[in-house]
Amino acid sequence: MREYLPVLIVGGIIGLFTTFFLVAYAILRRQKEDMTDRDRKMSDKEIITRLLRYAKPYWKSFVLVFFVMLFSIVFEVVSPLLMGSLTKLVQQDGFELSQLFTLVGVYAGILAVSLICTYFQAMILQKTGQKILSQIRLDVFTRAEELSHEQLNNIPVGKLVTRVTNDPNAISYMFTNILVTLAKNSMVVVGILVAMLLVNYALTLMVLCFVPFVVLFTIIFRQFSRRVHRQVSNATTDINTYLSENLSGMKITQIFNREAEKMDAFALRSRKLMKAKFNRMYVFGIFRPMVYMLFVSSQLCLFYFSAKGYIQQTSFMGQIIDSATVVTFYGYISRFFNPIQTLAEQFDMLQRSFASAEKIFTILDMKPKVVDDPDAIELENIRGEIEFKDVWFSYVPDEWVLKGVSFHIDPKQTVAFVGSTGSGKTTILSLICRNYDIQKGQILIDGIDIRKIKIASLRSHFGQMLQDVFLFSGDIRSNILLRKEGISDEEVMEACRYVNADSFINRLEKGLDEPVRERGNNFSAGQRQLLSFARTIIHKPSVMILDEATANIDTETELLIQDSLEKMKNIGTMLIVAHRLSTIQHADNIILLSHGQIVEQGNHQELLQRKGKYYHLYTLQYNKQQLQNS
């Protein structure tokens, strides 16, 4: 019994660690039952299945990699046999140096072929992996474009940025390395196991005694790793969201001298991310040493039984172990556990890929709330007739923003919506473009329910000019065209002249090629507004929407904008939302809203003669203007 004491000690140590991990696993399982995660969980099988759909179009590349990989597998299986044969060769009588050179040459040849195959394998996988990642990014961005305004308002911009950039990068390792390496390692393990059985089945059974512990440790590690990777992913999204919002609002932070408070909030999120990454490091730092411990233990047992048999001149389970067998098995054990150690190393990236894939699929699984009806039609042209029939709408259930609104707009009419903040003016304009779907009633364009018109077709006939003009980084030309092709610079400048935007463009050094910085912050509010007018005109809309387009504009620029509006009235139907009633006096119809209902409507003179709510608002603004002028 004493002679097996070293083996029993090794077994006791392994058993102690196994007990510790099983207890930790049980505690983790109990915590998972009590906690709720803000993201739904997907099984590994579901994630892999969905990711493999992206790899399916490139199956030929993966098949080619598989055949190239076979040469590397041959090297892994054959090289220990060559080392064992070399050991036996040098111990034989009549050994000649030429025999050694022959074996070394064979070994070097196999190694060279293996290295070349590994190079081509890596190149093919990298190219294929990047194509797959590009498709994933495209799908996420496309889905973001399909989401309704309501859904986009509920998703932080930083979260979407993370889904399009960071998360696909985390998946890249899965396609470029993990999947192929797993397949390779599986075949290597099978090949080595067969070779070991042929060389010495007794030692093979001894090595296999350690495999159940490797499997058990891997299962336990998977649970811990999945959890910490989800924590890292959530913390990364949180910090990206915070950065996206606060970098955009940095001027406000500086104006109100809140840098210290914002820094504290950022530091809190940064510490949370650091803690999550430390946890991931700890989990991985425990798992791999455990696998390495099993590897070393199997080698110790090999040397122990081999030395014991050699010293005592005894066999192990009926088989004699010579020096050549020891060398061969030493190489095989290294190659048998190496794939498992590699898996331990890759499991970190594998779980990160799964966690990121889960986040991506959460976005891809979001169903757009505003979609085309199955029988929706295309509209090549519209006259611009708009009608609301008893329209009810709410952003929050049972909190109605519009309550039974009905009105009719003739083609090429100019109609203004006025009223206090929250009366429903901007909501009406959003509903006409079908940014949201109404709960009750009907909205008609040229007598057709807008839900029967394809969304892209419907919006292509609208031109929107908002108070907060959004300009993209690039130049003036690209911001006017928005990548629309087939339009010459002369046509662009003609549109600019039509809306008086040429007055400042001609003064710029580079004209239409003048750079536009982020959000157009190198232009004044009035200049941005004139560019938005030119952008609208160049796309030849049938219905133009102006939502407070003249607010916060200086007097000189306002005169240019008012002149532009007079010209634009001749293009098509014009819908205007304005607080300053002086800017809408020439509208064909003015609709006064209050608490989601139409209170009054008519032209400027008609409403003044009624001396109702519109008359009261106009009088207040007129008197205020007179006081300011005096």
Side-chain angles (χ1 to χ4, degrees), residues 42 44-73 114-147 157-187 225-226 229-230 232-233 236-237 239-240 243-244 277 280 284 339 342-343 345-366 472-474 483:
M42 298 173 61
D44 289 352
K45 180 180 178 181
E46 182 182 359
I47 292 174
I48 293 174
T49 301
R50 296 185 64 171
L51 287 175
L52 287 179
R53 292 174 191 165
Y54 285 97
K56 187 177 180 180
Y58 308 99
W59 66 270
K60 292 182 181 179
S61 297
F62 287 104
V63 170
L64 178 60
V65 167
F66 172 79
F67 283 108
V68 171
M69 188 174 59
L70 291 177
F71 291 97
S72 299
I73 296 173
S114 175
L115 292 175
I116 294 172
C117 291
T118 301
Y119 168 78
F120 282 106
Q121 171 187 318
M123 292 299 296
I124 295 171
L125 285 177
Q126 287 295 332
K127 291 181 179 179
T128 304
Q130 290 306 315
K131 292 177 182 178
I132 294 173
L133 292 184
S134 295
Q135 186 60 49
I136 292 176
R137 291 191 186 98
L138 182 62
D139 286 352
V140 177
F141 187 78
T142 301
R143 178 46 52 90
E145 288 185 318
E146 294 172 347
L147 298 178
V157 174
K159 183 175 182 179
L160 288 176
V161 171
T162 303
R163 299 297 168 265
V164 178
T165 55
N166 294 25
D167 289 328
N169 289 336
I171 297 175
S172 65
Y173 199 73
M174 179 176 178
F175 287 110
T176 58
N177 192 303
I178 294 176
L179 293 180
V180 173
T181 303
L182 285 175
K184 174 185 176 181
N185 289 342
S186 299
M187 290 186 286
S225 179
R226 186 75 177 273
H229 277 299
R230 186 175 288 112
V232 170
S233 182
T236 301
T237 298
I239 202 169
N240 283 345
L243 280 172
S244 177
K277 289 193 173 185
R280 185 175 67 186
F284 183 68
T342 303
L343 175 62
E345 196 170 276
Q346 292 176 335
F347 219 82
D348 179 66
M349 288 299 301
L350 182 64
Q351 290 303 316
R352 186 183 305 178
S353 298
F354 284 169
S356 296
E358 189 176 40
K359 302 285 186 181
I360 289 175
F361 291 137
T362 300
I363 297 295
L364 293 178
D365 289 343
M366 293 181 68
F472 296 92
S473 299
R483 302 296 184 266

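Any value given below was found using the heavy atoms of this structure, including those in side chains, with hydrogens, waters and symmetry copies removed. These numbers come from a predicted model, not from an experiment.
For Tyr119, the side chain to side chain contact (heavy atoms under 4.5 Å, CB included) test picks out Met123, with sequence neighbours left out. For Val65, the side chain to side chain contact (heavy atoms under 4.5 Å, CB included) criterion is met by Gln121, Ile124, Leu125, Val180, not counting sequence neighbours. Applying the salt bridge (Lys or Arg N to Asp or Glu O under 4.0 Å) test to Arg143 and every residue at least two apart in sequence or in another chain returns Glu146.
Under the salt bridge (Lys or Arg N to Asp or Glu O under 4.0 Å) criterion, no residue pair touches residues 117-132, with sequence neighbours excluded. Under the salt bridge (Lys or Arg N to Asp or Glu O under 4.0 Å) criterion, no residue pair touches residues 52-73, with sequence neighbours excluded. Applying the salt bridge (Lys or Arg N to Asp or Glu O under 4.0 Å) test to every pair with at least one member in residues 164-178, sequence neighbours left out, gives these pairs: Arg163-Asp167.
Atom NZ of Lys45 and atom CZ of Arg50 lie 14.5 Å apart (nearest 0.5 Å). Atom OG of Ser61 and atom CH2 of Trp59 lie 10.0 Å apart (nearest 0.5 Å). The line from CZ of Phe120 to CG of Leu64 is 10.0 Å long, rounded to the nearest 0.5 Å. With values rounded to the nearest 0.5 angstrom, Arg137 atom CZ is found 13.5 Å from Thr142 atom OG1. With rounding to the nearest 0.5 Å, the separation of CZ in Phe361 from CG in Leu51 is 4.0 Å. In this structure, Leu160 CG and Thr237 OG1 are separated by 10.0 Å, a value rounded to the nearest 0.5 Å.
Heavy-atom minimum distance, Lys277 versus Val232: N-CG2, 3.9 Å. Contact between Pro168 and Leu133 at its shortest, heavy atoms only, is O-CD2, 3.2 Å. Contact detail for Ile47 and Ala357: the closest heavy-atom pair is CG2-CB, 3.7 Å. Nearest heavy atoms, Val140 versus Val164: CG1-CG2, 3.7 Å. Nearest approach of Val68 to Cys117, heavy atoms of both residues: CG1-O, 3.1 Å. Of all the heavy atoms in Ala55 and Ile132, the pair that sits closest is CA-CD1, 3.8 Å.
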